[in-house]
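Reminder, nothing fancy here: chain letters follow the sequence lines and each chain counts from 1.
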Number of protein chains: 2
Amino acid sequence: MKILIVEDEQGLRENMLTYLSEDNNICESCADLATAITKLAGYQYDFVLLDIGLPDGEGFEILHYLKKEMRNEAVIIISARNSLDDRIKGLNIGADDYLVKPFHLAELKARIVAVFRRKAANSNNNLVFNEIVINLIGRTVFINDVEILLTRKEYDMLLYFIANKGKVIAKTALAEHLWGDEMDMHDNFDFIYSHIKNLRKKILDVTTNDYLKSVYGIGYKFTDK
Amino acid sequence: MKILIVEDEQGLRENMLTYLSEDNNICESCADLATAITKLAGYQYDFVLLDIGLPDGEGFEILHYLKKEMRNEAVIIISARNSLDDRIKGLNIGADDYLVKPFHLAELKARIVAVFRRKAANSNNNLVFNEIVINLIGRTVFINDVEILLTRKEYDMLLYFIANKGKVIAKTALAEHLWGDEMDMHDNFDFIYSHIKNLRKKILDVTTNDYLKSVYGIGYKFTDK
DNA sequence: TAAAAACTGAAGAAAAACTGAATTAAACTT
DNA sequence: AAGTTTAATTCAGTTTTTCTTCAGTTTTTA
């Protein structure tokens, strides 16, 4: 995991860095708000360990920043203050846990694991439609418990269809989704036809359900009705 | 710490006892299986240093005993150089590390500290995936009871794959994990290909299982399916 | 039933992945 | 510190996989 440690006490900071790095985490650290924001702006971390009392401001600002940017780093607040107010404030702004100094590094580690588990458990990794199960993490597709192997375009297509199940998807919209808007295809949908054909074949190899319907003149509709 | 030394070579046993006692450890020692079991039944230790070849049986029996009783003593196996199988077997049964004779007492001490740290952090010292056993402290990898020697990058890669088994790992993510974010590789994945090739070869030299799958256009997936 | 749209299989083009060997860099030795 | 060994990276050529194009066919609808 990629962890950012924001802590101004040098000794503690270095201890955390060393200790967590031993666990195959990639750790970075800094001692103030400004550097932390710079680092966060430049990179996506998994975890932020955040001291509240920093030389150039309160760690809460980082929580606000992360919230505003809709980032999903997990945050554990580390604070010398055990005041209930701080705790509530931090958790309200979006921290995942709160640790009061002094603490054992082993406990920090345990908290990190716990928070990470919780995060992972709460995010739904499967997209299900009838007998079709798409595992987003494994990037696998199972139909009737049989895995079907899809190319990138086919996979993206299926995902898009299932995310919009029951809706009519215009070929232009599909093209835009798969290739971005830089693709000019003036009247030529041959490549869509081609990928649709291949996707259909792979689906029909393992089910009799004809999910992928054509809508003449417009596009496609993914439905079981 | 309370340490039990199980070793039948008198000289080595006494050396360990003396050396480790200097560090404020409370040490006891014995030379055979039966005495060891008696001692363990009567007292809770922190550490067991375990020779495998004992006059009245194999040290493995102690590992089984500890496992059955759900004890949580940390165990470091001390084995003779030629018994490679013993080492792997030990790690599988639940030893936390192993040490090959002859060794420096300083190294033994270092291993004890390392094992203890990780135990305190409530983490397992071995990562096991099917016939693959990784000992995180010794940084060693065994597949089908054969040790495979990996370079740093290969080891880090394998660890990352196994920690994320079943998930698709994007090449970009892999690069970030191995080199941090300071690495800019705009379109050039040559070094990844290179390391992947070498890692694959080493794995396939000792197993027929093709664990490391390519996911065209994205990256890799480590899986046994 | 004619025109437009959609489909198909196959082939060519392009992209991505792989490989062995050469080069460069890093890590040990003495 | 120089030399040796080992590992990491780069490179150029090859193979594999996917994407796109094309020409001919079928389906749809007006």
Exercise for the section: Report yes if a side-chain nitrogen or oxygen of B:W179 is closer than 4.0 Å to either non-bridging phosphate oxygen (OP1 or OP2) of D:dT9; otherwise report no. Expected result: yes

Handout entry: A:Y211-A:F161 aromatic ring centre distance below 6.0 Å
Key = no

Problem - Six-ring centre of B:F189, B:K171 cation under 6.0 angstrom, axis tolerance 45° - result: yes

Handout entry: Donor-acceptor contact present, side-chain A:D32 to main-chain A:T35, <3.5 Å
Key = yes

Fill in the blank from the handout: On DNA chain D, more 5' by nearest nucleotide between B:L150 and A:R152 is B:L150

Handout entry: Atom pair distance, as rounded to whole Å: CG in B:N188 and C1' in C:dA15
Key = 15 Å

Listing time: all N or O pairs from protein to nucleotides 1-8 of chain C that are below 3.5 Å?
residue, atom, partner, partner atom, Å
C:dA4, N3, A:Y216, OH, 3.0
C:dA5, O4', A:Y216, OH, 3.0
C:dA5, O3', A:G217, N, 3.4
C:dA6, OP1, A:K171, NZ, 3.0
C:dA6, OP1, A:G217, N, 2.8
C:dA6, OP2, A:K171, NZ, 2.6
C:dA6, OP2, A:Y193, OH, 2.8
C:dC7, OP1, A:R200, NH1, 2.9
C:dC7, OP1, A:R200, NH2, 3.4
C:dC7, OP1, A:S214, OG, 2.3
C:dC7, OP2, A:Y220, OH, 2.6

Practice task
Grab the NE2-P distance between A:H195 and D:dC19 for me, whole Å please.
Solution key: 5 Å

Exercise for the section: Let me know the distance between CG of A:L178 and C1' of D:dT20, rounded to the nearest Å. Expected result: 14 Å

Exercise for the section: Measure the angle between the two terminal helix axes of the helix from C:dA13-D:dT18 to C:dT30-D:dA1, five base pairs each, and quote it to 10°. Expected result: 20°

Fill in the blank from the handout: For B:K2, the salt bridge (Lys or Arg N to Asp or Glu O under 4.0 Å) test, sequence neighbours excluded, returns B:E28

Practice task
Mind telling me whether B:W179 and B:F191 have parallel, tilted or perpendicular rings, with 30° and 60° as the class edges?
Solution key: perpendicular

Exercise for the section: Using the six-membered ring of A:Y155, assess whether NZ or CZ of A:R139 lies under 6.0 Å from its centre and within 45 degrees of the ring axis. Expected result: yes

Exercise for the section: Return yes if some donor-acceptor pair links the side-chain N/O of B:E9 with the main-chain N/O of B:G11 below 3.5 Å, else return no. Expected result: no

Problem - Distance, nearest 0.5 Å, that separates CZ of A:F47 from CG of A:L4 - result: 12.0 Å

